[in-house]
Structure formats: structure tokens, C-alpha cells
Amino acid sequence: MKRIVIFASGSGSNAENLIKFFHNSDNASVIQVLTNNPHAKVLERCRRLKTSALSFNRIAFSKSNDVLNILKIAQPDLIVLAGFLWKFPEFILREFENKVINIHPALLPKYGGKGMYGMHVHKAVVTNKETETGITIHYVNENYDEGAIIFQAKCEVETSDTAEDVAAKIHKLEMEHFPKVVDKLLYN
Ligand code: GAR
């Protein structure tokens with residue numbers, strides 16, 4: 001059984017989708033969710049889905065080995081960042097080379113980097129009158145949104161679309177593709 005650990009900071013709709021997808025799998029399972037936000041809705045979702053979840057602070061994450069040790073014990077085959085907003089420390093990345101991936105709600109390298117997350121991305125896409133946008137699933141390296149791209153999917157942006165309309169289209173793409181890409185990666 002392959003083991004997946006998810007990091008999330010907010011609502012956790014992607015985390016829930018992944019947990020449910022792998023509930024129906026004989027090959028892999030989400031064994032742990034970790035969050036930097038003790039008030040994140042993802043914790044509520046994990047309670048409902050009977051999935052182990054923990055929250056941590058900056059000291060545990062990047063100023064000590066606490067989160068690293070949790071990961072070492074969990075022995076994940078893949079670490080999935082699903083709406084996780086903190087920069088991933090290099091010393092953890094080094095221990096899990098090519099095993100940490102992220103989903104970004106735009107077609108990287110466009111609309112990436114610090115501060116580009118969630119609705120900020122969709123607002124920028126609409127302001128710049130883009131005709132298309134999409135999702136990017138990529139490996140995580142020491143720079144925000146710059147690791148090698150694994151998968152992208154596109155959608156059209158209509159001139160009448162608001163940032164909320166774009167968010168809904170992106171959400172649909174994420175729900176459809178993310179679990180399948182994660183599943184495929186586990187068997188590479
Ligand atoms: C998702 O759209 C994800 O792509 C985005 O945050 C949202 C999290 O939603 N990630 C980023 O913007 C990372 N830079 P969720 O908490 O409902 O899964």
C-alpha cells in the first residue's frame with residue numbers, strides 16, 4: 001500500500017477529494033494530513049473522513065526537526081501540497097527528493113511566486129484579460145512554484161468571467177485531475 005501525506009492550509013477541498021479517491025483504492029491511502037493553521041476547515045473535513053490530522057507551528061516546521069520526524073515515521077511515498085501556503089524548508093525537501101508535489105491554480109510559469117495563491121491568482125488572470133488559464137501540478141523545489149512541471153490542464157476565460165467564475169472552473173479541473181495524477185505518480 002502506497003502512503004500519501006497531505007499538507008493543506010485552508011478549506012481542504014482538494015485534500016478531501018484525494019482522501020475520498022484513495023478510500024476507494026486498494027493501492028494507496030492518505031495516511032496523514034498536516035496543517036499550519038489550527039483553524040483550517042481541512043481539520044473538520046479530516047474528522048468527518050476519519051483521517052488523522054495534525055497542526056503545527058513555524059518552530060515545529062522550519063526551526064526544528066519536529067515535522068521532519070513526523071514525516072520520517074510516516075514514510076510517505078508521496079507528499080502532496082494541496083493549498084499549502086508556507087514555503088517548504090529545504091532540509092525537509094532534501095530528505096524526500098522528488099517526492100513532494102504541489103498544485104497551483106494557474107498555468108505556471110504564469111501567475112506563480114510569493115503571494116500568488118487562491119483568489120489572488122484568479123483576480124490577476126481576469127485583470128490581465130487572459131483568454132485561458134488552468135492548473136499546474138509540479139515538483140516542489142526551494143523556490144515558490146518553480147519545480148519541474150508534471151501536468152497541466154487548461155480552461156477558457158470568457159470576457160464576462162469574474163474571478164469567482166474562474167475559481168469555479170479551476171476547482172472543477174482540480175477535482176477531476178489531481179487524484180488521477182497523484183495515483184499515476186505513485187507508480188512511476
Ligand atoms: C487550490 O485552488 C490550490 O490550487 C490553491 O489553493 C486552493 C486550495 O483550495 N493553491 C495555491 O494557490 C498555491 N499557491 P482547497 O483548500 O479547497 O483545496
Side-chain angles (χ1 to χ4, degrees), residues 4-23 30 32-49 51 53-56 61-62 78-89 92-93 100-128 130 132-157 161-183 185:
I4 301 162
V5 170
I6 296 177
F7 281 76
S9 297
S11 167
S13 68
N14 280 285
E16 173 159 359
N17 192 39
L18 289 164
I19 292 166
K20 284 180 172 162
F21 181 93
F22 290 103
H23 270 167
V30 175
Q32 178 79 64
V33 173
L34 293 164
T35 182
N36 59 303
N37 177 1
H39 308 293
K41 194 171 161 198
V42 70
L43 290 171
E44 215 177 290
R45 295 188 196 258
C46 288
R47 250 193 310 275
R48 180 162 41 78
L49 296 163
T51 299
L54 292 171
S55 74
F56 56 82
F61 190 45
S62 49
L78 203 61
I79 296 172
V80 178
L81 312 191
F84 182 64
L85 301 183
W86 282 2
K87 195 153 184 252
F88 223 73
I92 303 185
L93 287 176
V100 187
I101 67 166
N102 178 47
I103 188 159
H104 188 78
L107 296 172
L108 291 174
K110 281 183 158 189
Y111 302 103
K114 198 166 166 39
M116 272 295 167
Y117 61 89
M119 286 307 287
H120 296 286
V121 175
H122 310 315
K123 280 182 187 154
V125 163
V126 168
T127 304
N128 292 339
E130 296 286 353
E132 62 174 22
T133 186
I135 60 169
T136 302
I137 297 165
H138 64 95
Y139 286 104
V140 174
N141 68 12
E142 62 284 2
N143 300 318
Y144 270 113
D145 303 327
E146 285 183 13
I149 291 174
I150 300 161
F151 174 88
Q152 291 187 309
K154 293 178 181 175
C155 60
E156 285 180 11
V157 182
D161 277 351
T162 62
E164 286 72 21
D165 296 329
V166 174
K169 289 180 182 179
I170 293 298
H171 180 75
K172 203 164 160 232
L173 287 179
E174 292 187 335
M175 293 299 111
E176 183 186 344
H177 295 289
F178 201 16
K180 290 183 205 158
V181 173
V182 168
D183 196 33
L185 267 180

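Both ligands and their constituent atoms are indexed starting at 1 by order of listing.
Ligand 1 has an N or O atom lying under 3.5 Å from an N or O atom of G118, backbone or side chain.
Taking atom 16 (O) of ligand 1 as the reference point, the nearest protein heavy-atom neighbour is G12 N, 2.7 Å. Closest to atom 3 (C) of ligand 1, if we only count protein heavy atoms, is E174 OE2, 3.4 Å. Scanning the protein for heavy atoms near atom 7 (C) of ligand 1, the closest one is G83 CA, 4.3 Å. Scanning the protein heavy atoms around atom 17 (O) of ligand 1, the nearest turns out to be S13 OG, 2.6 Å. P105 CD, 3.5 Å is the protein heavy atom nearest to atom 11 (C) of ligand 1. For atom 9 (O) of ligand 1, the nearest non-hydrogen atom of the protein is N14 ND2, 4.0 Å.
Taking 4.0 Å as the cut-off between side-chain N and carboxylate O, K114 and D145 do not count as a salt-bridged pair. Ion pairing between a basic and an acidic side chain is recognised when a charged N comes within 4.0 Å of a carboxylate O; K110 and E130 show such pairing. For the pair E16 and K20, the salt-bridge criterion is met [side-chain N within less than 4.0 Å of a carboxylate O].
A centroid separation of 6.0 Å or more is found between the aromatic rings of Y139 and F88.
The line from CZ of F178 to OG of S13 is 10.5 Å long, rounded to the nearest 0.5 Å. Atom CD of Q32 is separated from atom CZ of F7 by 9.0 Å, given to the nearest 0.5 angstrom.
Without hydrogens or angle criteria, D165 side chain to T162 main chain gives a donor-acceptor distance under 3.5 Å.
Using a non-hydrogen distance threshold of 4.0 Å, I103 registers as a contact of ligand 1. In this structure, H171 has no heavy atom closer than 4.0 Å to ligand 1.
Residue S11 has at least one heavy-atom neighbour below 4.0 Å for each of these atoms of ligand 1: 16 (O), 17 (O). Close approach to M116 involves these atoms of ligand 1, each under 4.0 Å from a residue heavy atom: 14 (N).
Nearest heavy atoms, I150 versus I101: CD1-CG2, 3.7 Å.
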